[in-house]
Structures are given as structure tokens and as C-alpha cells.
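These notes concern the structure reproduced below.
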Amino acid sequence: QVQLQESGPGLVRPSQTLSLTCTVSGDSITTDYVYWSWIRQPPGKGMEWIGYMGASGSTYVNPSLKRRASISRDTSKNQFTLQLSSVTPEDTAVYYCARRSRLGDDDYKYDYWGQGTQVTVSS
């Protein structure tokens with residue numbers, strides 16, 4: 001029953017801020033031991049973890065992106081949002097939101113994913 005869906009612009013101009021929202025159904029974003037995550041895949045490259053938000057609202061961002069990326073949430077709408085500032089063409093990718101669950105000590109799993117949304121940064 002858990003579903004995640006990304007929404008936001010498909011085209012962003014260089015130097016602008018990208019804003020993407022993930023809407024969750026079938027689970028609460030305040031659920032303990034669950035980390036609501038953003039991941040992206042540039043064309044021809046592997047997956048890159050961006051960051052997550054935990055049940056309490058705490059966040060952690062990939063050190064390579066922490067100067068530009070932030071994650072927020074709206075618990076009344078069961079949504080969490082990624083903002084990525086000062087974008088360049090290297091930020092072009094398919095962006096995914098996903099649920100990461102803690103199953104035990106040192107045991108985590110991305111058990112649900114959104115369908116992904118293509119974001120292109122024009123040159």
C-alpha cells in the first residue's frame with residue numbers, strides 16, 4: 001500500500017534552484033526507524049545518494065552536495081521536499097524519492113521507490 005510520487009519541473013535554468021516534492025501514501029513520514037530519501041541517476045552513470053529526513057525531522061545530506069541541497073517536510077500533507085540551489089548541467093538526472101527502512105543493526109533497505117522524474121538543466 002505504500003506509494004511515493006515525485007513532482008516538480010522537468011526543465012531548470014542554470015543557477016536557479018530546483019524544488020522537487022515527494023508525496024507519500026500508505027505510511028506516515030513521521031514513522032520511527034524510517035528515512036525518507038532522495039537519490040538521483042545522471043545519464044550513463046550510477047545512482048547517487050543525495051540525502052534523507054528522519055521521523056523527527058532531522059536531515060543528513062551527502063557531503064558532496066551539502067552546500068547546495070536541503071530537505072524539508074510538510075507533515076500535514078505527508079510530503080517531503082528537496083531543494084537544490086545553483087544548478088548546473090551536471091545536475092541533469094532522473095530524481096527518485098524512496099523509503100529506507102531500518103531492519104536491525106547495520107541492516108537497512110530501500111523498500112519502496114517513486115517512479116522517478118527527469119530533470120534537465122539547460123546550458
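Just so we're clear, the structure is a prediction, and the values are computed from it rather than from any experiment.
- Classified by interplanar angle (parallel below 30°, tilted 30° to 60°, perpendicular above 60°), the ring pair Y52/Y35 is perpendicular.
- Side-chain atoms of S86 and S15 include no donor-acceptor pair closer than 3.5 Å.
- Closest non-hydrogen pair, R13 versus V87, comes out as O-CG2, 3.4 Å.
- No continuous path of ILVMFWY side-chain contacts below 4.5 Å connects Y108 to M53, so the two sit in separate hydrophobic clusters.
- Counting only distance, with no hydrogens or angles, the side chain of N62 and the backbone of W49 share a donor-acceptor pair below 3.5 Å.
- Using a 4.5 Å heavy-atom threshold, the side chains of V2 and S25 count as separate.
- For the pair R102 and D32, the salt-bridge criterion is not met [side-chain N within less than 4.0 Å of a carboxylate O].
- Using modelled atom types, no side-chain atom of S101 and backbone atom of L103 make a donor-acceptor pair closer than 3.5 Å.
- Judged purely by distance below 3.5 Å, without hydrogens or angles, the side chains of T17 and Q83 never pair a donor atom with an acceptor atom.
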*So I29 and T75, side chain to side chain contact (heavy atoms under 4.5 Å, CB included) or not? Walk me through it.*
CA-CA 7 Å; I29 61 173; T75 57; 4.3 Å; yes
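- Under a 3.5 Å cut-off, the side chain of R73 and the backbone N or O of A55 do form a donor-acceptor pair.
- By the rule that hydrophobic residues join a cluster once side-chain heavy atoms approach within less than 4.5 Å of another member, I50 and Y96 end up as members of separate clusters.
- In this structure, the separation between CZ on R67 and OG on S85 is 10.0 Å, given to the nearest 0.5 Å.
- Not one N or O on the side chain of R40 forms a donor-acceptor pair closer than 3.5 Å with the backbone of A93.
- With hydrogens and angles disregarded, a donor-acceptor distance shorter than 3.5 Å links the side chain of N78 to the backbone of D27.
- Of the possible donor and acceptor atoms, none in the side chain of T117 sits under 3.5 Å from a partner among the backbone N and O of E6.
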*Might you work through the side chain to side chain contact (heavy atoms under 4.5 Å, CB included) test for V24 and Q3, ending with a clear yes or no?*
CA-CA 6 Å; V24 178; Q3 293 182 309; over 6 Å; no
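- For the atom pair Q16 CD and T88 OG1, the distance stands at 13.0 Å (nearest 0.5 Å).
- The nearest pair of heavy atoms linking S64 to E48 is OG-OE2, 3.8 Å.
- In this structure, Y95 OH and W38 CH2 are separated by 10.0 Å, a value rounded to the nearest 0.5 Å.
- The local environment of OH in Y33 is sparse, with at most 12 non-hydrogen atoms from other residues, nucleotides or ligands closer than 6.0 Å.
- Linking Ile, Leu, Val, Met, Phe, Trp and Tyr whenever their side-chain heavy atoms come within less than 4.5 Å puts V94 and M47 in one cluster.
- Test D91, L20, L11 against V119 for side chain to side chain contact (heavy atoms under 4.5 Å, CB included) and you get one pass: L20.
- Across all non-hydrogen atoms, the minimal contact from S19 to T81 is OG-CG2, 3.6 Å.
- Taken to the nearest 0.5 Å, the OG atom of S37 stands 11.5 Å off from the CG atom of L82.
- Taken from OG1 in T21 to NZ in K77, the straight-line distance is 8.5 Å, to the nearest 0.5 Å.
- In this structure, V61 is a member of the same hydrophobic cluster as F80, with clusters built from ILVMFWY side-chain heavy atoms closer than 4.5 Å.
- Y110 carries R100 over the face of its six-membered ring, with the cationic atom under 6.0 Å from the centre and within 45° of the normal.
- Nearest heavy atom pair, residue C97 against residue L4, reads SG-CB, 3.9 Å.
- Contact between S28 and W36 at its shortest, heavy atoms only, is O-CZ2, 3.5 Å.
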